[in-house]
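To keep things clear, I will list the structure first and then write my remarks on it.
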Amino acid sequence: MKRLYTILLFFIIVTLPVSAQNRIGGVQIYPITLQEQGDSLLLEMDIHVDGKAMNNCQSWTIMPTLMTADSAYYMEMPHALINGKTKAKLFKRREKFQNNFLLAHYPTYKIDKKRKEDITFKYTLTTPYEFWMDTASLRINQILTSCADVEQWFVLDNVVLVELHHYTPYQPDVKVNYITPEKETKTLHREGSAYLDFQVGKSEILPNFRRNPQELAKINDVLSQVRADSDFEITKVYVTGYASPEGSWASNDRLSLARAQALKQYIQNKFPIPNQLIEAKNVPEDWAGLTKIINEGEMAGKYRVLEIIETVSDPDARESRLRALDGGRYFRYMLNEIFPSLRRVEYRVEFTVKEYSLEESELIMQKNPEQLNLYELTLLYNNYPEDSPERELISHAMIRLFPDHPVANNNAAARLLEKGDAQGASRFIQKIEQQEDFPEGYNNLGVYYMLMEDVDTAEEYFNKARIATSFPRAVYTEEEIIHNIEELNKKRKDLRIRERYKR
């Protein structure tokens with residue numbers, strides 16, 4: 001690519017500092033534009049030759065060269081030739097005898113200058129852009145040639161760097177999908193624990209014995225509230241009796257079940273609940289509860305006690321080992337400080353809630369939003385204008401009340417992805433991905449990974465979504481998926497372009 005000039009009798013090379021880059025003698029170059037424009041490189045500069053810069057026998061040759069700092073890549077650009085009157089005649093005479101070499105090196109700009117005439121002309125070049133140009137700078141060689149072809153070279157280095165096109169990351173125009181959940185029976189529950197006091201070895205509930213009035217009041221309040229609300233219908237009441245791990249397993253089994261059945265009988269005597277709606281069961285010895293309390297606390301001998309609980313499988317042998325450990329010191333502590341909290345009855349009241357109209361849902365949302373199902377919340381959400389505070393409130397309620405529901409998480413993710421907030425949508429996306437069979441989420445998963453610039457994973461989900469459009473459960477169209485795939489291709493191209501701007 002380097003060029004050789006054969007008509008050289010004598011030359012002097014002068015390298016000028018940056019401060020003198022735009023002027024040599026009477027030749028001035030200004031302004032200089034060197035920039036990337038799409039797929040092309042544009043070079044523009046005004047070349048001014050003062051009337052006194054040269055005599056009739058002289059010529060100025062302007063030779064721009066683009067090159068990297070290590071000279072590994074360079075491109076010599078067409079040169080400009082300004083001839084004095086006499087030099088112009090010599091040049092024309094040579095043109096008559098030009099050969100292939102001269103033809104190949106014929107100047108793009110050839111200007112004949114009269115004596116003392118000021119000349120200004122615009123040098124313009126557009127050439128295909130190559131990646132190496134990102135770090136290249138412009139060098140300008142200027143040659144002053146006399147009538148006898150004696151040359152003086154002036155080299156202007158690092159005149160200007162290539163100005164890269166301003167890079168703005170491409171923001172895909174995404175199409176997300178929302179899902180209207182199916183109508184479903186609303187099942188709610190109230191639950192708690194009652195620490196009832198029983199006479200030693202007995203299972204009869206004495207309402208006025210020790211703490212029993214306060215503990216029974218908890219159960220009475222829950223059942224009274226549910227039965228008093230005409231929107232509720234009790235579907236099941238579960239009562240579970242627990243015993244602490246002292247005494248034999250067989251006796252604790254009988255005792256814990258008898259106490260659960262006693263509470264069942266107490267409820268039936270107080271409330272007209274059919275027998276088939278109340279289920280009594282028991283946990284003979286609450287070793288799991290004991291282990292949890294010990295793990296969370298700092299009792300002496302903690303790890304020795306836990307080792308026995310974990311390694312001795314028979315409950316009676318386990319209790320015997322604990323009683324003997326360190327002379328019974330740790331067992332006495334558990335008997336006084338921990339076991340009382342294990343002797344309890346747990347209750348759970350399950351009930352269904354009536355279906356609400358849109359107007360009723362608005363009122364319920366203000367007082368008891370937990371009584372609305374996801375379908376009712378979605379209808380209510382769609383009833384308010386976009387970006388309204390009511391929509392914001394309802395969207396938060398959906399996730400708070402249905403944190404693991406795939407539809408709730410899909411729609412929450414869609415709202416954020418539509419705004420380009422992939423980071424905010426990530427916690428909802430994670431829950432969608434955990435669903436084993438939820439093709440309704442494929443499109444939004446693809447959008448998420450596209451915005452996160454994981455284009456390969458995004459492509460996988462869009463391809464799955466395209467197949468899923470033929471399923472009865474499809475909630476997006478093939479046209480929407482094709483649109484997102486086209487946006488993905490634009491993003492993939494954009495990521496390749498971005499690499500060029502990391503200099």
Side-chain angles (χ1 to χ4, degrees), residues 172 174-192 231-232 348-452 454 457-458 461 464-465 468 473-476 480 484:
V174 301
K175 291 190 179 297
V176 299
N177 62 280
Y178 293 90
I179 304 173
T180 300
E182 297 179 357
K183 289 185 179 181
E184 56 187 0
T185 303
K186 291 179 285 184
T187 302
L188 301 180
H189 67 271
R190 301 279 191 274
E191 58 186 21
D231 293 351
F232 299 159
R348 178 184 175 93
V349 181
E350 292 185 353
F351 51 95
T352 57
V353 185
K354 65 168 281 190
E355 184 177 319
Y356 295 114
S357 66
L358 188 60
E359 292 75 16
E360 290 173 325
S361 295
E362 288 182 301
L363 296 175
I364 295 295
M365 180 66 200
Q366 298 173 15
K367 299 178 181 179
N368 301 299
E370 67 276 1
Q371 293 177 205
L372 299 172
N373 62 17
L374 190 56
Y375 175 79
E376 291 163 336
L377 285 168
T378 302
L379 294 184
L380 191 59
Y381 175 89
N382 293 334
N383 190 52
Y384 288 102
E386 191 174 346
D387 296 328
S388 63
E390 290 84 1
R391 272 199 167 192
E392 187 72 14
L393 183 67
I394 296 169
S395 66
H396 287 304
M398 290 178 182
I399 289 298
R400 178 172 57 84
L401 298 173
F402 304 93
D404 299 315
H405 200 296
V407 172
N409 283 283
N410 178 85
N411 292 349
R415 283 189 285 273
L416 292 168
L417 293 173
E418 202 166 30
K419 299 176 182 178
D421 185 5
Q423 291 288 353
S426 60
R427 66 188 181 103
F428 307 117
I429 290 295
Q430 289 174 5
K431 292 191 175 183
I432 297 174
E433 283 191 301
Q434 292 170 2
Q435 300 296 320
E436 293 184 0
D437 181 28
F438 192 62
E440 295 93 328
Y442 290 159
N443 176 62
N444 288 345
L445 286 167
V447 169
Y448 167 77
Y449 282 107
M450 174 166 57
L451 295 179
M452 292 297 290
D454 183 349
T457 304
Y461 276 116
K464 288 182 179 180
R473 291 163 54 184
V475 291
Y476 36 74
E480 290 172 326
N484 283 337

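Values in this document were obtained by computation on a predicted structure and should not be read as measured data.
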* Check F402 against A408 and note the closest heavy-atom contact, atom names and distance. => O-CB, 3.7 Å
* **R415 and F428: CA distance, side-chain angles, deciding distance, side chain to side chain contact (heavy atoms under 4.5 Å, CB included) verdict** => CA-CA 11 Å; R415 283 189 285 273; F428 307 117; over 6 Å; no
* **Short side-chain to backbone donor-acceptor contact, D421 and L417, under 3.5 Å** => no
* Passing candidate, side chain to side chain donor-acceptor pair (under 3.5 Å) with Y356, options K186, E376, Q371 -> Q371
* **Aromatic ring pairing Y449/Y461, orientation class (parallel under 30°, perpendicular over 60°, tilted between)** => parallel
* Donor-acceptor pair, N410 side chain versus N177 backbone, under 3.5 Å? -> yes
* Structure fact -> Heavy-atom nearest pair, A413 first then I429, reads CB-CD1, 3.9 Å
* Audit row: M365, E390, side chain to side chain contact (heavy atoms under 4.5 Å, CB included) steps and yes/no -> CA-CA 10 Å; M365 180 66 200; E390 290 84 1; over 6 Å; no
* Hey, what do you get for NZ (K419) to CG (D387), rounding to the nearest 0.5 Å? -> 5.5 Å
* **Any side-chain heavy-atom pair of R400 and P369 under 4.5 Å** => yes
* Taking atom OG1 of T457 and atom CG of L445, what is their separation to the nearest 0.5 Å? -> 10.5 Å
* Out of curiosity, K175 NZ to E418 CD, how far, rounded to the nearest 0.5 Å? -> 9.5 Å
* Asked: Quick one: CG on L188 to CG on L372, what's the gap to the nearest 0.5 Å?
  -> 9.5 Å
* Of all heavy-atom pairs between A465 and N443, which one has the smallest distance, and what is that distance? -> CB-N, 4.0 Å
* Could you check V174 against L451 for side chain to side chain contact (heavy atoms under 4.5 Å, CB included), going step by step and ending with a plain yes or no? => CA-CA 9 Å; V174 301; L451 295 179; 4.2 Å; yes
* At their closest point, which heavy atom of A474 faces which heavy atom of A468, and how far apart are they? -> CB-O, 3.5 Å
* To do: Look up atom OG1 in T352 and atom CG in N373, then write down how far apart they are to the nearest 0.5 Å.
  => 11.5 Å
* **N/O donor-acceptor pair under 3.5 Å between N382 side chain and T378 backbone** => yes
* To do: Please examine the side chains of F232 and V349, heavy atoms only from C-beta on, and report whether any two atoms are closer than 4.5 Å.
  => no
* Asked: Taking C-beta and beyond as the side chain, do L374 and H405 meet within less than 4.5 Å on heavy atoms?
  -> yes
* CG/N383 to CZ/R391 distance, rounded to the nearest 0.5 angstrom? -> 9.0 Å
* To do: Identify the two heavy atoms, one from S395 and one from Y381, that lie closest to each other, and give their separation to 0.1 Å.
  => CB-CE1, 4.1 Å
* Any side-chain heavy-atom pair from N409 and Q435 closer than 4.5 angstrom? -> no
* **Sub-4.5 Å side-chain heavy-atom contact between Y476 and V176** => no
* To do: Could you walk me through whether L377 and L401 pass the side chain to side chain contact (heavy atoms under 4.5 Å, CB included) test, one step at a time?
  => CA-CA 10 Å; L377 285 168; L401 298 173; 4.2 Å; yes
* Within a reach of under 6.0 Å around CD of E184, are more than 12 heavy atoms found that belong to other residues, nucleotides or ligands? -> yes
* **Donor-acceptor under 3.5 Å (K431 side chain, P403 main chain)** => yes
* Mind checking whether I394 and M398 have side chains closer than 4.5 Å, heavy atoms only? -> yes
